[in-house]
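Lettering follows sequence order; numbering is per chain, from 1. Scope of the values below: all heavy atoms of this structure, side chains included, with no hydrogens, waters or symmetry mates.
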2 protein chains.
Amino acid sequence: MIKLMICEDVKDVREGFRYLLNLDDEIRVVAAYSTAEELFEGMSSLGAPNIVLMDIELPGMSGIEATGKIKERYPGTAVLILTIFEEEGKILKAIQAGATGYILKNTKPGDLVAQIKTLHQGGSPISPNVARVLLHEYQREHGGKSHGDFNLTPREKEIVHGIVDGLTYREIGEAYNISGATVKKHILHIYKKLNVGSKVEFMKKVMNSDLI
Amino acid sequence: MIKLMICEDVKDVREGFRYLLNLDDEIRVVAAYSTAEELFEGMSSLGAPNIVLMDIELPGMSGIEATGKIKERYPGTAVLILTIFEEEGKILKAIQAGATGYILKNTKPGDLVAQIKTLHQGGSPISPNVARVLLHEYQREHGGKSHGDFNLTPREKEIVHGIVDGLTYREIGEAYNISGATVKKHILHIYKKLNVGSKVEFMKKVMNSDLI
DNA sequence: CAAGAAATACACCAAATGGTGTATATTTCA
DNA sequence: TGAAATATACACCATTTGGTGTATTTCTTG
């Protein structure tokens with residue numbers, strides 16, 4: 001049984017969701033509030049639910065602020081943001097605050113139930129447009145362009161894999177039927193190409209590349 | 001009309017998708033290849049499609065590498081990663097490489113068509129489990145709550161930083177005015193706590209944690 | 001207070017690493 | 001064809017790392 005609370009200021013929408021979600025017998029709407037402040041009172045008296053369905057536009061404390069507080073005080077509770085807006089800044093803020101999912105209010109009733117179950121099983125329901133915003137943001141922060149393959153030869157790439165797998169020179173040599181000394185030679189070449197001088201530096205470069 | 005190319009090494013899967021997607025009259029599968037190398041030949045002779053359906057596990061050039069090259073040479077082409085795996089590192093790498101969507105192969109045929117149309121309209125279809133990975137990553141990078149510090153003591157955390165900075169035991173000792181031998185003792189304790197046994201394994205763990 | 005964790009330090013050892021040489025066979029390509 | 005790159009291998013060396021002991025001091029917590 002998925003215990004769920006609703007936080008939504010518009011009565012019709014709130015009661016609509018309550019009715020709708022209670023139709024499914026895996027979900028129980030334990031309470032529905034019109035403000036975040038009331039929600040917190042409810043959570044402390046009734047206990048934290050599995051999921052809070054959170055409107056982003058609330059009088060008083062905003063849905064984003066409330067999300068942050070929920071994740072602080074009740075980290076086990078997932079927050080599903082439900083909104084009519086697709087504003088980029090709000091989406092990113094809600095996610096930073098710890099929202100577990102972010103979907104639009106025009107979602108079909110049946111889909112909403114499916115997404116709540118998805119959420120409860122560890123997934124994050126996100127509408128495609130929200131996903132696009134997130135993807136772009138992530139790509140922007142990670143420099144977009146590929147970091148190149150450092151002009152490594154095929155053999156050198158194999159050696160890189162061996163290292164990353166935690167093998168020693170000798171073990172890599174055994175794996176590819178060459179001597180450990182040769183493996184070492186390769187590694188030193190690789191170090192020069194990557195401009196590093198130890199395993200640790202090597203790992204830092206390689207783990208942020210698409211070499212692996 | 002959405003022009004689409006498929007890059008997938010398993011023939012049955014490849015032909016299955018081709019047949020299936022051609023059933024929809026808004027989509028035209030202009031070509032299907034079994035390797036990234038062939039795909040690039042096709043793209044240069046037939047012209048870039050709107051969407052490439054890309055398998056991640058390919059012989060030769062990987063789907064991730066290919067995605068990066070497509071975004072470089074044909075930025076207008078969207079890449080939809082189709083995979084059976086949900087491995088965190090691969091997901092993030094594919095997104096960094098510029099993937100526009102990332103969905104699982106077990107997606108229902110009707111849903112796949114819907115997702116391709118979503119993609120073409122500017123959304124990013126992402127399966128809920130992939131979305132969860134992305135959300136976590138984003139939250140982690142923006143000061144989200146720590147997902148485990150492995151019970152390291154404050155001193156041990158300092159040592160971790162020293163290692164990640166590429167210092168040797170002795171250098172770390174000098175930095176903190178303790179002996180190199182002590183630093184080593186700390187490292188060995190840390191290894192036990194992280195359940196690793198070498199710098200390489202250590203880096204793999206630490207770089208995916210919020211210890212740094 | 002006593003037990004335990006945390007931080008410090010030293011000894012000893014085998015193995016791995018990093019750095020530099022030299023050398024040869026093969027392949028690639030201008 | 002001839003130079004450059006690639007892949008192979010061995011020698012020698014100092015340093016680093018991983019692993020195991022033992023031991024002392026300080027701090028924390030039941």
Side-chain angles (χ1 to χ4, degrees), chain A residues 148-212, chain B residues 35 37 40-41 59-62 65 146 148-212:
Chain A
D149 66 353
F150 299 100
N151 292 317
L152 297 194
T153 67
R155 191 50 142 187
E156 287 170 343
K157 284 181 190 171
E158 289 177 326
I159 306 287
V160 166
H161 275 96
I163 297 288
V164 174
D165 286 344
L167 307 180
T168 65
Y169 298 160
R170 181 150 40 77
E171 289 168 336
I172 295 171
E174 281 160 16
Y176 294 112
N177 287 317
I178 56 178
S179 93
T182 302
V183 173
K184 191 168 122 179
K185 250 300 172 238
H186 284 306
I187 288 288
L188 292 174
H189 282 149
I190 293 166
Y191 279 8
K192 281 188 178 153
K193 288 184 179 178
L194 303 208
N195 194 33
V196 298
S198 73
K199 289 266 177 88
V200 170
E201 288 178 284
F202 169 86
M203 282 289 151
K204 282 201 285 186
K205 276 240 162 148
V206 155
M207 291 196 67
N208 290 319
S209 77
D210 33 39
L211 238 40
I212 51 165
Chain B
T35 68
E37 288 81 359
F40 285 119
E41 279 179 38
M61 186 188 299
S62 80
E65 211 179 330
S146 60
D149 63 354
F150 300 99
N151 292 315
L152 297 194
T153 66
R155 193 49 144 187
E156 287 170 341
K157 284 179 191 171
E158 289 177 327
I159 306 286
V160 167
H161 276 96
I163 297 287
V164 173
D165 286 344
L167 306 179
T168 65
Y169 297 160
R170 180 149 41 77
E171 289 168 336
I172 295 170
E174 282 160 14
Y176 294 114
N177 287 317
I178 57 178
S179 93
T182 302
V183 173
K184 191 168 123 178
K185 246 313 177 231
H186 284 308
I187 288 288
L188 291 174
H189 281 148
I190 292 167
Y191 279 8
K192 283 190 177 151
K193 287 184 179 178
L194 304 207
N195 194 33
V196 298
S198 74
K199 289 266 177 87
V200 170
E201 289 178 287
F202 169 86
M203 290 299 279
K204 283 201 284 186
K205 274 245 161 138
V206 155
M207 291 195 69
N208 289 320
S209 77
D210 30 37
L211 236 42
I212 50 164

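At D/dG18, one or more side-chain N or O atoms of B/Y169 fall inside 4.0 Å of OP1 or OP2 (strictly under the cut-off). Proximity of A/K184 to the phosphate of C/dT17: no side-chain N or O atom is located under 4.0 Å from OP1 or OP2. Under 4.0 angstrom from either OP1 or OP2 of D/dT8 there lies at least one side-chain N or O belonging to A/H186. The side chain of B/T168 places no N or O atom within less than 4.0 Å of a non-bridging phosphate oxygen (OP1 or OP2) of D/dT15. Applying the 4.0 Å criterion to OP1 and OP2 of D/dC10, one finds that A/T182 has every side-chain N and O outside that range. Remark: B/R170 is not in phosphate contact with D/dT17, judged by side-chain N or O atoms under 4.0 Å from OP1 or OP2. At the phosphate of D/dA5, neither OP1 nor OP2 sits under 4.0 Å from any side-chain N or O atom of A/T153. When the side-chain nitrogen and oxygen atoms of B/R155 are compared with OP1 and OP2 of C/dT8, one or more of them lie within a distance under 4.0 Å.
As a whole-Å value, the separation of B/Y176 OH from C/dA6 C1' is 16 Å. Taking atom OH on B/Y191 and atom P on D/dT20, their separation rounds to 13 Å, with Å as the unit. A/E158 has its CD atom 9 Å from the P atom of D/dT8, to the nearest Å. To the nearest angstrom, P of D/dA9 lies 15 Å from CD1 of A/I187. C/dA5 atom P lies 11 Å from atom NE2 of B/H189, rounded to whole Å. Taking atom CE on B/M203 and atom C1' on D/dT17, their separation rounds to 15 Å, with Å as the unit. Rounding to whole angstrom units, CD1 of residue B/I178 and C1' of D/dT25 are separated by 15 Å. Summarising the geometry, the separation between CD on B/E174 and P on C/dA9 is reported as 13 Å, rounded to the nearest angstrom.
In terms of modelled atom types and a separation under 3.5 Å, the side chain of B/E37 and the main chain of B/M61 share a donor-acceptor contact. With hydrogens and angles ignored, the 3.5 Å screen pairs a side-chain donor or acceptor of B/K205 with a backbone N or O of B/L194.
Closest to the side chain of A/K185, out of C/dT22, C/dC10, D/dG19, is C/dT22. Counting only heavy atoms from C-beta on, B/E156 has its side chain closest to C/dA7 among C/dA7, D/dG18, C/dG18.
Within the 4.0 angstrom heavy-atom criterion, no nucleotide atom of any strand lies near B/G180. B/L188 comes within 4.0 angstrom of a base, heavy atoms only.
Comparing B/A181 and B/P154 by the nucleotide of DNA chain C whose heavy atom lies nearest to each, the residue mapping closer to the 5' end is B/P154. Each of A/K192 and A/L167 has a nearest nucleotide on DNA chain C; the 5'-most of these lies closest to A/L167.
Salt bridge status for B/K204 with B/E201: absent, with no side-chain N to carboxylate O gap under 4.0 Å.
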Evaluate the side-chain contact (heavy atoms from CB on, under 4.5 Å) criterion for residues A/I163 and A/M203: first the C-alpha distance (whole Å), next the side-chain angles of each, then the deciding distance (0.1 Å), finally the verdict. CA-CA 9 Å; A/I163 297 288; A/M203 282 289 151; 3.8 Å; yes
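Side-chain atoms of A/I159 and A/K185, non-hydrogen and from C-beta on, never get closer than 4.5 Å to each other. Using a 4.5 Å heavy-atom cutoff, the side chains of A/I178 and A/R155 are in contact.
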